2 protein chains.
Amino acid sequence: MATPRRRATIHDVAEHAGVSIGTVSRALNDRTGVHPDTRLRVLASAAALTYDPDKAARELSNRRAVDIALSVAHGYRRLTPFFGLFLQHLSEQLAVEGLQVREVASGDDGLPVRDADAFVLLDAHPDDPRIGHLARLGRAFVLVGHAHDVRCVAADDVAGGRIAAEHLLRLGHVDSVHLTADLHAQAFADRAHGFATAFEAAGAGQPTTIVADDASTLGGYRAMRAHLEGGTRPGAVFAATDELAIGCVTAAADLGMRVPSDLSVVGFDDLPELGARLTTVRQDIALLARETVTLLHEALAGAAVRAVRLPVTLVSRGTTAERRNR
Amino acid sequence: MATPRRRATIHDVAEHAGVSIGTVSRALNDRTGVHPDTRLRVLASAAALTYDPDKAARELSNRRAVDIALSVAHGYRRLTPFFGLFLQHLSEQLAVEGLQVREVASGDDGLPVRDADAFVLLDAHPDDPRIGHLARLGRAFVLVGHAHDVRCVAADDVAGGRIAAEHLLRLGHVDSVHLTADLHAQAFADRAHGFATAFEAAGAGQPTTIVADDASTLGGYRAMRAHLEGGTRPGAVFAATDELAIGCVTAAADLGMRVPSDLSVVGFDDLPELGARLTTVRQDIALLARETVTLLHEALAGAAVRAVRLPVTLVSRGTTAERRNR
DNA sequence: ACATTGCACGTAAGCGCTTTCAGCACGTCA
DNA sequence: TGACGTGCTGAAAGCGCTTACGTGCAATGT
């Protein structure tokens with residue numbers, strides 16, 4: 001049975017290596033002024049004892065115990081795969097700096113419940129009450145998404161819509177439709193705008209927009225299926241989300257259409273598993289996380305508010321093809 | 001602009017209240033030996049300074065810096081609303097004890113990447129490689145779900161299936177079907193088993209089982225729709241999940257059937273938003289979180305392995321009704 | 001009257017770590 | 001030879017907190 005192992009401390013390592021704790025600390029943290037031989041000896045001892053520095057002690061000593069609270073609009077209940085991934089990258093990114101997400105919660109009123117040093121707001125509409133709340137309290141926060149006059153970061157959604165349009169246009173799909181959900185959400189509005197603008201600029205007219213009940217795969221499926229069954233048979237669809245796109249693909253398949261020969265579909269996000277085969281507008285979630293952390297530091301330092309837009313790229317996979325004559 | 005506020009320390013509070021730091025600590029932690037008046041004064045000072053004790057320092061002092069890693073099978077990518085809620089309760093529960101989930105991650109190989117003191121495994125099949133891995137390492141862990149010979153906790157799925165059956169039977173639905181996904185998952189297998197057993201015990205025969213491609217709302221929708229379109233029109237369906245149930249309800253609606261008059265549906269889990277109107281088998285997620293923490297402590301203490309089953313209850317809402325003659 | 005209790009509180013040690021500072025053993029330059 | 005770096009290391013302070021331990025004081029007992 002697992003003996004309740006006592007964690008090795010820096011003292012144990014020091015003793016084992018025959019040096020002082022100061023030297024161990026320096027060696028382990030790549031500080032200068034340690035003889036190479038000594039460093040090696042310390043490293044070996046640390047490995048031998050499976051030494052794992054105590055986070056709390058390290059934080060305390062570093063006096064960089066920054067509490068970072070992550071606030072998701074509806075708790076985890078509506079956590080999308082996208083935000084799930086983001087979260088993972090965020091905590092990895094913070095771990096690099098020895099920081100960490102301390103708590104993940106928001107009260108029933110939607111307001112962050114904890115008095116942290118800094119907040120990351122997910123899933124916020126521009127008029128989200130949390131923004132005013134935090135601003136009023138003078139707390140550091142960064143919004144993942146977009147709003148005016150607040151520190152925020154998000155993909156360049158307009159550009160995303162545009163490159164989706166250009167891709168489709170290049171393939172000859174002048175009769176594309178746009179499948180989205182809740183245009184009240186800034187990201188969706190921007191993507192729709194970028195898409196429509198590019199179409200008009202190309203003289204292809206205003207594309208039809210289908211609004212699903214929600215941004216789930218089911219939402220996308222039903223909206224698309226209804227549209228397809230309505231008689232109109234567009235050659236391509238740009239879905240505002242990979243999940244919506246999956247719904248599209250599934251709906252098309254259920255109606256006997258083939259993707260991409262009968263219907264091209266391009267998604268948005270590039271979620272690993274979900275869209276492994278999907279042509280989609282990729283946003284770099286790792287980069288998003290890194291930028292979030294940067295902004296977090298700026299917020300803590302009291303720097304000027306700025307909004308950052310992250311580039312997106314189109315990754316062409318199996319769900320788009322040239323328009324066939326019909 | 002938010003001045004980079006310096007956090008108040010226990011010394012500030014002590015000075016403000018005109019007492020020593022020891023007294024502040026005792027007052028704030030409900031220790032005995034503090035005069036009621038003094039306690040009040042300290043509390044007031046703490047509030048005035050918005051004092052928020054430094055977690056790191058507290059942990060260090062308490063030497064209960066227990067690293068608890070939460071391991072989700074596929075990262076957050078497949079985090080279901082159910083596990084999302086569970087996570088929330090778990091971190092709340094741990095917060096009560098001054099503990100916290102330190103990291104939430106699993107490597108690309110699916111194995112937990114961090115060397116924590118204890119692990120919470122979500123979403124694990126009984127033959128999940130993580131179980132053997134952790135056991136081999138002699139690490140403390142608890143599995144949320146079921147498997148043989150490991151410390152685990154889960155709802156009483158068999159009973160859940162049974163009470164769903166009894167509810168439906170009581171309403172006269174002898175022609176119920178069971179909608180599930182991936183019977184390889186222990187929970188789903190158990191629910192199906194409980195359901196079928198109760199039906200047979202009542203002399204109602206073996207209920208039809210429909211297996212959806214996945215446990216999403218879309219999966220439930222498509223499976224149910226296909227079944228319904230196939231001609232058979234069951235009077236009721238027991239879905240292994242609230243999400244599947246939502247899919248059912250939606251499919252029925254899309255086919256012009258009315259719930260519950262044409263089709264009764266009962267779900268499983270009782271997720272707040274999702275199933276607000278759903279008749280469902282409720283599991284107490286908060287309790288699940290509490291039990292998880294209890295088992296975690298047992299694991300850390302090296303107690304004997306035990307598996308716990310949590311009771312479930314049927315909550316009857318708007319999606320079930322008595323069988324009509326047809 | 002004094003010794004004894006018990007309560008409320010202050011003092012200080014210590015949790016495991018980082019980092020400054022001083023010291024020591026060299027070598028270098030005049 | 002002595003004054004001076006230079007490179008490496010140990011000692012010790014301190015991060016913010018909890019918690020023995022000790023002390024002063026009033027209340028109690030004799």
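Throughout, protein chains are lettered first and strands after them, A, B, ... in sequence-line order, and every chain is numbered starting at 1. The structure displayed is predicted, hence computed values, not measured ones.
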With sugar-phosphate taken as primed atoms, P, OP1 and OP2 and all else as base, the protein-contact string of nucleotides 6-11 of chain C at under 4.0 Å (heavy atoms; B, S, -) is --SBBB

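Taking only side-chain nitrogens and oxygens, A:Ser25 comes nearer than 4.0 Å to OP1 or OP2 of C:dT18. Proximity of A:Arg58 to the phosphate of C:dT18: a side-chain N or O atom is located under 4.0 Å from OP1 or OP2. The side chain of A:Arg31 places an N or O atom within less than 4.0 Å of a non-bridging phosphate oxygen (OP1 or OP2) of C:dT19.
Taking atom CD of residue A:Glu59 and atom C1' of nucleotide D:dG14, one finds them 17 Å apart after rounding to whole Å. The interatomic distance linking B:Leu60 (CG) with D:dG14 (P) rounds to 17 Å, in whole Å. Summarising the geometry, the separation between NZ on A:Lys55 and C1' on C:dC17 is reported as 13 Å, rounded to the nearest angstrom. Rounded to whole Å, atom P of D:dG16 lies 13 Å from atom CG of B:Asp52. Summarising the geometry, the separation between CG on B:Asp12 and C1' on D:dC17 is reported as 13 Å, rounded to the nearest angstrom. To the nearest angstrom, P of C:dG16 lies 15 Å from CG of A:Leu49. If you take OH of A:Tyr51 and P of C:dG16, they are 10 Å apart, rounded to a whole angstrom. Atom CG of B:Asp54 is separated from atom P of C:dG16 by 17 Å (rounded to the nearest Å).
For B:Thr38, there are no side chain to side chain donor-acceptor pair (under 3.5 Å) partners two or more places apart in sequence or in a different chain. B:Arg282 pairs by the side chain to side chain donor-acceptor pair (under 3.5 Å) definition with B:Asp270, not counting sequence neighbours. Annotation: side chain to side chain donor-acceptor pair (under 3.5 Å) contacts of B:Gln186 (sequence neighbours excluded): B:Asp190.
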Extract from the structure each pairing of a protein N or O with an N or O of nucleotides 22-28 of chain C at less than 3.5 Å, listing the distance.
none

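When all heavy atoms are compared, the tightest approach of B:Val150 to B:Val305 is C-CG1, 3.4 Å.
Put simply, CD on B:Gln283 and CG on B:Leu310 are 8.0 Å apart, with the number rounded to the nearest 0.5 Å. If you take CD1 on A:Ile21 and CG on A:Asp12, they are separated by 11.5 Å, rounding to the nearest 0.5 Å.
In the helix from C:dA1-D:dT30 to C:dA30-D:dT1, the terminal helix axes, each the rotation mapping four pairs' C1' atoms onto the next four within five end pairs, subtend 60°, rounded to 10°.
Counted by atom type alone, A:His89 and A:Arg290 present zero donor-acceptor pairs between their side chains at under 3.5 Å. Of the N and O atoms on the side chains of B:His133 and B:Arg139, not one donor lies less than 3.5 Å from an acceptor on the other residue.
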Derivation and outcome, side-chain contact (heavy atoms from CB on, under 4.5 Å), residues A:Leu288 and A:Leu90: CA-CA 8 Å; A:Leu288 186 65; A:Leu90 183 67; over 6 Å; no

Evaluation steps, side-chain contact (heavy atoms from CB on, under 4.5 Å), between A:Thr23 and A:Arg26: CA-CA 5 Å; A:Thr23 302; A:Arg26 278 184 293 258; 3.5 Å; yes

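Within 6.0 Å of the CG atom in A:Asp149, the count of heavy atoms belonging to other residues, nucleotides or ligands does not exceed 12.
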